[in-house]
Amino acid sequence: MKDKRNDMIASFFPKAGLVSDPKVVDFMNSLPQTFSEAERLLSSNSRYVDENVLQNRIRLAPFIRKFHSEADTLHDNIKNQWSLLDDPATKLFVSTHQPNLFAYGGVFKKVVLLETLKTSIEKYKEGRIINLFLIIDHDFIDEIWMRRAQLPSFHHSSGLLQLRFSVDRAKMWQMVCNIPRPRETALYNWKRELVSWIKKSSSSPSHQKKMLDNLNQFWEEVEIAYSKARSYSDFNSFLMSRIVNSIWGYNTLFVRLSEISQVFINGFKFLISNLRLYTDILRRTEQTFLSQGISTGVSSTAYKKAPIWLHCKCGSKAPISLSAPRKLAFKGTCISCKKELILDLADPDNPDLSKVVDYISPRAIAIPLLLSRDLEISCYCSGKAGVGYLMDASIISKHLSIRWPLPLVWASKDAYRGLAQNQALNAIHMEILEAERRLQELHLINNDYGKKIHDLVIKRTELVKANRSLQGILEELFQLKEEQRRVRREIEIIDKATKISNLSPCIIDYAVNFGMVDTEKQWCRYLLENGDLVTPVSFNQDRNGKELRTRPLSSWDSISDTI
């Protein structure tokens with residue numbers, strides 16, 4: 001068990017050594033390793049929430065209704081689901097993510113995991129469960145994955161087809177909820193690039209037709225999401241909702257973080273009133289983690305900041321710090337317009353947030369704390385990238401006596417051969433492990449050629465000075481350079497192929513190669529038949545798109561990380 005736990009720690013934090021810190025060990029041990037373990041733990045976790053929490057949940061309903069109405073995903077099963085918010089016995093399963101451009105598969109896998117858990121638990125146990133997806137739409141648009149989606153492409157020199165959303169530099173520090181939706185020409189250009197990618201990557205006309213049909217079906221949802229959206233954030237989150245609620249028929253409820261600060265007003269007061277303890281625990285926890293070689297991704301100065309952002313009229317926000325402890329006053333500088341913002345809450349024992357709550361939002365670590373305290377969620381499903389923040393939050397929750405939910409991370413990678421992955425395999429005629437070893441050998445050979453060429457160039461200069469014949473050395477130089485060019489061409493091809501193999505592609509790669517319906521079926525089937533949340537998920541599909549009954553996991557399958 002110890003080795004397995006340390007293997008898990010290493011997968012989340014590659015630079016960490018053998019970690020013995022009890023805080024890390026306890027957190028890692030709290031993560032279910034299998035679907036059945038998560039199911040068992042969540043089934044046994046039953047309780048009624050108190051009146052304060054119940055009222056907070058009820059306050060969510062109009063914001064959920066607003067989102068689904070605007071996204072045109074206000075189906076009957078959605079209406080039935082939010083009615084459960086006023087039942088104190090209802091459990092809340094929560095996942096979160098930013099509204100990234102054509103989000104990665106791992107974002108959708110979190111929803112599939114929670115929905116499959118919900119369905120399995122409800123089959124044999126009475127109880128009511130809501131799956132809630134919280135859209136983190138107050139982050140800055142400068143975050144690269146908010147504006148870029150990647151697909152593997154053997155026809156691009158980098159091995160990547162990148163779809164980009166361009167933002168004026170002056171708006172880079174705006175919150176994503178305040179960024180206008182893309183122009184129609186952007187959608188046209190993205191689809192044109194994707195059609196070209198499919199045509200260049202397809203192995204046969206029938207295969208090409210199937211992939212284009214898959215793209216067209218997916219793009220219908222893209223265009224509907226676009227037609228309903230008023231902002232860039234809405235465009236991306238509406239598309240997620242349409243996939244989850246319309247294509248898959250899930251009753252997962254979506255809500256924007258930027259709209260629900262009123263729901264967390266008591267939680268904000270609680271965190272601010274306990275600011276000194278919050279920041280002290282965060283500082284000591286981060287120091288401990290760093291001493292163990294663990295980088296959580298949290299800023300080294302995060303403990304100096306309040307757990308909230310203060311929004312600016314320009315559409316950006318400011319990190320704020322305590323400026324007058326006795327008055328509980330905060331100030332900070334807007335990241336975008338550089339204006340100084342001040343938040344004076346007067347009474348330290350009873351801070352008044354009523355007039356400013358719509359202008360504040362939680363920082364990353366505070367999000368699971370507020371969800372736990374104010375909505376009493378039963379589980380929180382995170383991606384690998386969020387594990388560091390989640391560890392900090394779990395430790396802070398214990399010191400603040402906040403009931404902590406079951407943390408879930410579906411860390412499995414997806415393994416499959418799609419259009420580009422097959423092209424990469426056919427180009428190098430070797431398995432990925434063999435290719436990586438060959439790449440190391442080729443770099444050594446290339447370096448050796450470089451040294452020999454360098455020595456011959458020096459010798460050639462000496463011969464020129466001595467007015468001696470250069471024929472022999474020029475022939476040797478020519479031969480060496482030709483050999484080096486051959487080696488470099490091989491390096492380029494294998495390097496591109498390995499990059500394609502290890503890429504974490506966006507959801508379009510799944511949509512084109514499998515279709516969204518089959519993608520969900522394969523994830524769901526894996527959970528129910530295998531259920532290991534760590535080992536790779538092997539997709540069953542041959543090159544012609546026909547599902548296979550079984551296929552062993554090849555080391556050359558496309559590997560995509562869970563986010």
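Fair warning: this is a prediction, and the values are worked out from it, not measured in the lab.
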Of all the heavy-atom pairs spanning [X] and [Y], show the shortest one and how long it is.
| X | Y | answer |
| --- | --- | --- |
| S412 | Y526 | OG-OH, 4.0 Å |
| A103 | F108 | O-CE1, 3.7 Å |
| F238 | A71 | CD1-CB, 3.5 Å |
| P368 | S372 | O-OG, 2.6 Å |
| I224 | S227 | O-OG, 2.7 Å |
| I78 | T252 | CD1-O, 3.6 Å |

Do [X] side-chain atoms and [Y] backbone N/O form a donor-acceptor pair below 3.5 Å?
| X | Y | result |
| --- | --- | --- |
| T90 | L84 | yes |
| N274 | F270 | yes |
| Y389 | G297 | yes |
| S323 | A329 | yes |
| D352 | S354 | yes |
| W248 | K521 | no |
| N513 | G418 | no |
| K79 | L74 | no |
| R65 | W82 | no |
| S316 | C334 | no |

Do N189 and R192 pass the side chain to side chain contact (heavy atoms under 4.5 Å, CB included) test, and can you show the C-alpha distance, the side-chain angles, and the key distance before you say yes or no? CA-CA 5 Å; N189 290 331; R192 185 181 61 180; 3.3 Å; yes
Among all residues two or more places apart in sequence or in another chain, which pass the salt bridge (charged side-chain N to carboxylate O under 4.0 Å, His left out) test with R164? none
Under 6.0 Å from the [atom1] atom of [X], do we count more than 12 heavy atoms belonging to anything else shown?
| X | atom1 | answer |
| --- | --- | --- |
| K66 | NZ | yes |
| R284 | CZ | yes |
| E184 | CD | no |

Sorted by first residue and then second, give each side-chain hydrogen bond (donor to acceptor under 3.5 Å, both in side chains) pair with at least one member in residues 149-162; sequence neighbours left out.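 Passing the test, one end in residues 149-162: R148-Q162, Q150-Q162, S153-H156, H155-Q423.
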Will you find, in the side chains of [X] and [Y], an N or O donor that is under 3.5 Å from an N or O acceptor?
| X | Y | answer |
| --- | --- | --- |
| D518 | Q522 | yes |
| Y250 | E520 | yes |
| S299 | T301 | yes |
| S261 | Y359 | no |
| D137 | S258 | yes |

Hey, what's the ring geometry for W410 with W523, parallel, tilted or perpendicular (30° and 60° as the breaks)?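 The rings of W410 and W523 stand perpendicular, inter-plane angle above 60°.
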May I ask you to decide if the ring planes of W145 and Y104 are parallel, tilted or perpendicular, using 30° and 60° as cut-offs? perpendicular
Measuring from atom [atom1] of [X] to atom [atom2] of [Y], what distance do you get when rounded to the nearest 0.5 angstrom?
| X | Y | atom1 | atom2 | value |
| --- | --- | --- | --- | --- |
| L101 | I507 | CG | CD1 | 12.5 Å |
| L239 | D234 | CG | CG | 12.0 Å |
| W404 | Y380 | CH2 | OH | 8.0 Å |
| N236 | R147 | CG | CZ | 12.5 Å |
| N245 | N77 | CG | CG | 7.0 Å |
| L343 | L328 | CG | CG | 8.0 Å |

Could you give me the CA-CA distance, side-chain angles and deciding distance for Y303 and E286, then say whether side chain to side chain contact (heavy atoms under 4.5 Å, CB included) is met? CA-CA 9 Å; Y303 71 92; E286 278 295 303; over 6 Å; no
Looking at side-chain heavy atoms only, is the closest gap between [X] and [Y] below 4.5 Å?
| X | Y | value |
| --- | --- | --- |
| L257 | F264 | yes |
| K191 | V195 | yes |
| L113 | K109 | no |
| F93 | P405 | no |
| L419 | L151 | no |
| R363 | I365 | no |
| P407 | S394 | no |
| L60 | L253 | no |

Apply side chain to side chain contact (heavy atoms under 4.5 Å, CB included) to S237 and F67, showing your working. CA-CA 9 Å; S237 53; F67 176 90; 3.7 Å; yes
Between T73 and V244, is a side chain to side chain contact (heavy atoms under 4.5 Å, CB included) present by the stated rule, with each step listed? CA-CA 9 Å; T73 53; V244 171; over 6 Å; no
Looking at F102, Y226, W190, Y188, which one forms a ring-ring contact (aromatic ring centres under 6.0 Å, His included) with W219?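 Between W219 and the candidates, ring-ring contact (aromatic ring centres under 6.0 Å, His included) is satisfied uniquely by F102.
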Determine the sole option in E221, E223, E70 for which the salt bridge (Lys or Arg N to Asp or Glu O under 4.0 Å) test with R242 is passed.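 Exactly one option meets the salt bridge (Lys or Arg N to Asp or Glu O under 4.0 Å) with R242, and it is E221.
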Does the ring of F140 carry K317 above it, NZ/CZ under 6.0 angstrom from centre and within 45° of its axis?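 K317 over F140 ring: yes.
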